[in-house]
Protein chains: 2
Amino acid sequence: MPKFKLDETDHKILDLLIDNTRIPFTDIAKKLEISAGTIHVRVKKMEEAGIITGSSLQVDYKKLGYAFIAYVGVFIFKTSQTQFVLERISEIPFVTVAHVTTGKFNIFCKIRARDTAHAKDVIYQIDDIEGVSRTETMISMEESINDKKRLLHSIFKEI
Amino acid sequence: MPKFKLDETDHKILDLLIDNTRIPFTDIAKKLEISAGTIHVRVKKMEEAGIITGSSLQVDYKKLGYAFIAYVGVFIFKTSQTQFVLERISEIPFVTVAHVTTGKFNIFCKIRARDTAHAKDVIYQIDDIEGVSRTETMISMEESINDKKRLLHSIFKEI
DNA sequence: GGTGAAAGCACCGAGTT
DNA sequence: AACTCGGTGCTTTCACC
């Protein structure tokens, strides 16, 4: 893997864009005291290198009536069925992420739902998949940080 | 909580913006066959209503050398210490999310690291927090979907 | 790799229906 | 609510350093 080399200026650009993709390049240019054209070229390069893969809107799902978050650990009868089950789980609406994991569970996923009744429906769909022996649910009662900016800072301190 | 009412047009706008925040409003306008000014007004309203809370850049952390993802379940001696431990965990670099949960664990978090050695450092920092009795780590070996667009579609089908 | 200017667009508020 | 329109400001390219 040919690692793309980012310099201090790229770090600063990413830092400004990471939690506000709509900040004008002219504003970034003023802050970094370089020209807007340069910002444009550098961002484009980072996109081409695959460092920047896209942008996404942050939506408040609570406001849409979807305040419920849970993590579901999935046990599978035979590990050879893992891939099959992973694909089925990934197709279920309201499952937002799924991982094959080492440790307690074979598969581990996150769900977002309206309420407990709705979550139950989703979990039952997981339980119903062929090859799943049982599931274990952890309901999120409080979410703390979820800060991309901080992660990026930690990474930039190291590289 | 006064729920904000989104109509079909708002759905379509969010659908286009959710995975491309830099799409010009004029492009959205063309696709939906309404004026760009209207797109502008509607987006602003959704921002004011707190439905849209911001935007973020998607960065490929693998390309930056941070390919390791694990989930860590945390056991705490006394549940009264939960809040304290949650705050300490949230301060640790490379912990990306933390939840207070029901079920097996008291706290549940996600970490992003360079490799296993680096992850070990992070997990030891969690273990060292006063009040933590032990942790259980699940290493992600494969991540499947993580698709905001799909979640949004599922929600729009219901509301 | 950076600049600065110019052309082309997009944004966004005001006024209108 | 939605439209049009115009001033302002942003993006993007390019010749030049």
Side-chain angles (χ1 to χ4, degrees), chain A residues 1-60 63-65 148-149 152 155-159, chain B residues 1-60 63-65 148-149 152 155-156 159:
Chain A
M1 206 202 293
K3 216 170 285 170
F4 187 82
K5 199 71 189 129
L6 297 178
D7 66 11
E8 189 64 22
T9 306
D10 293 321
H11 289 183
K12 284 179 185 160
I13 294 170
L14 285 178
D15 183 46
L16 287 167
L17 283 172
I18 192 84
D19 61 3
N20 180 12
T21 60
R22 287 186 96 91
I23 184 176
F25 287 1
T26 46
D27 283 12
I28 300 178
K30 265 174 238 156
K31 281 187 191 166
L32 307 195
E33 295 181 321
I34 51 182
S35 80
T38 303
I39 307 293
H40 179 239
V41 170
R42 278 174 176 265
V43 169
K44 215 168 148 191
K45 272 187 191 160
M46 290 192 276
E47 280 169 354
E48 278 159 10
I51 305 277
I52 295 175
T53 57
S55 61
S56 71
L57 212 63
Q58 280 160 11
V59 172
D60 186 341
K63 283 249 165 68
L64 294 176
K148 287 181 163 194
K149 194 156 191 154
L152 208 62
I155 290 176
F156 290 160
K157 260 185 217 161
E158 298 198 342
I159 62 177
Chain B
M1 203 201 295
K3 216 170 283 170
F4 188 82
K5 198 70 190 130
L6 298 177
D7 66 10
E8 189 64 22
T9 306
D10 294 321
H11 289 182
K12 284 179 185 161
I13 294 170
L14 285 179
D15 183 46
L16 288 166
L17 283 172
I18 191 88
D19 60 4
N20 180 13
T21 59
R22 287 186 98 91
I23 184 175
F25 287 2
T26 47
D27 284 12
I28 300 178
K30 266 174 237 156
K31 280 186 193 166
L32 306 195
E33 296 181 319
I34 50 181
S35 81
T38 302
I39 307 293
H40 176 237
V41 169
R42 279 174 175 264
V43 169
K44 213 169 149 195
K45 271 187 193 160
M46 289 191 277
E47 280 168 354
E48 279 160 9
I51 305 277
I52 295 175
T53 58
S55 61
S56 72
L57 213 62
Q58 281 160 11
V59 171
D60 186 342
K63 284 247 164 68
L64 295 176
K148 286 181 164 194
K149 193 155 191 155
L152 209 62
I155 291 176
F156 290 161
I159 62 178

May I have the distance from B:Leu32 (atom CG) to D:dA2 (atom P), rounded to whole angstrom?
-> 11 Å
Hey, are the side chains of A:Ile18 and A:Leu152 touching, using non-hydrogen atoms and a 4.5 Å cut-off?
-> yes
Is there a side-chain contact between A:Leu6 and A:Leu14 (heavy atoms, below 4.5 Å)?
-> yes
Give the minimum heavy-atom separation between A:Ala36 and A:Ala29, together with the two atoms involved.
-> N-CB, 3.5 Å
Could you give all pairs that pass the side chain to side chain donor-acceptor pair (under 3.5 Å) test and reach residues 8-18 of chain A, with sequence neighbours left out?
-> A:Asp10-A:Arg42, A:Asp15-A:His153
Base-contact (B) and sugar-phosphate-only (S) positions in nucleotides 1-15 of chain C, heavy-atom cut-off under 4.0 Å, - elsewhere = SSB------SSBS--
With a 4.0 Å heavy-atom cut-off, tell me which residues in residues 48-57 of chain A come close to DNA chain D, sorted by residue number.
-> none
Could you pull out all residues at least two apart from B:Leu16 that satisfy side-chain contact (heavy atoms from CB on, under 4.5 Å)?
-> B:Ile28, B:Lys31, B:Leu32
Side chains of B:Ile51 and A:Asp60: does their closest heavy-atom pair fall under 4.5 Å?
-> no
Minimum heavy-atom distance between B:Ser56 and A:Lys148, given as atom pair plus value | OG-NZ, 3.2 Å
Check whether any side-chain heavy atom of B:Val43 lies under 4.5 Å from a side-chain heavy atom of B:Leu17, and answer yes or no.
-> yes
Heavy-atom check, side chain of B:Val59 versus side chain of A:Thr53, under 4.5 Å | no
Close N/O contacts between protein and nucleotides 15-17 of chain D (under 3.5 Å):
none

Take the C1' atoms of the five end pairs on each side of the helix from C:dG1-D:dC17 to C:dT17-D:dA1, derive the two axes, and give their angle rounded to 10 degrees.
-> 30°
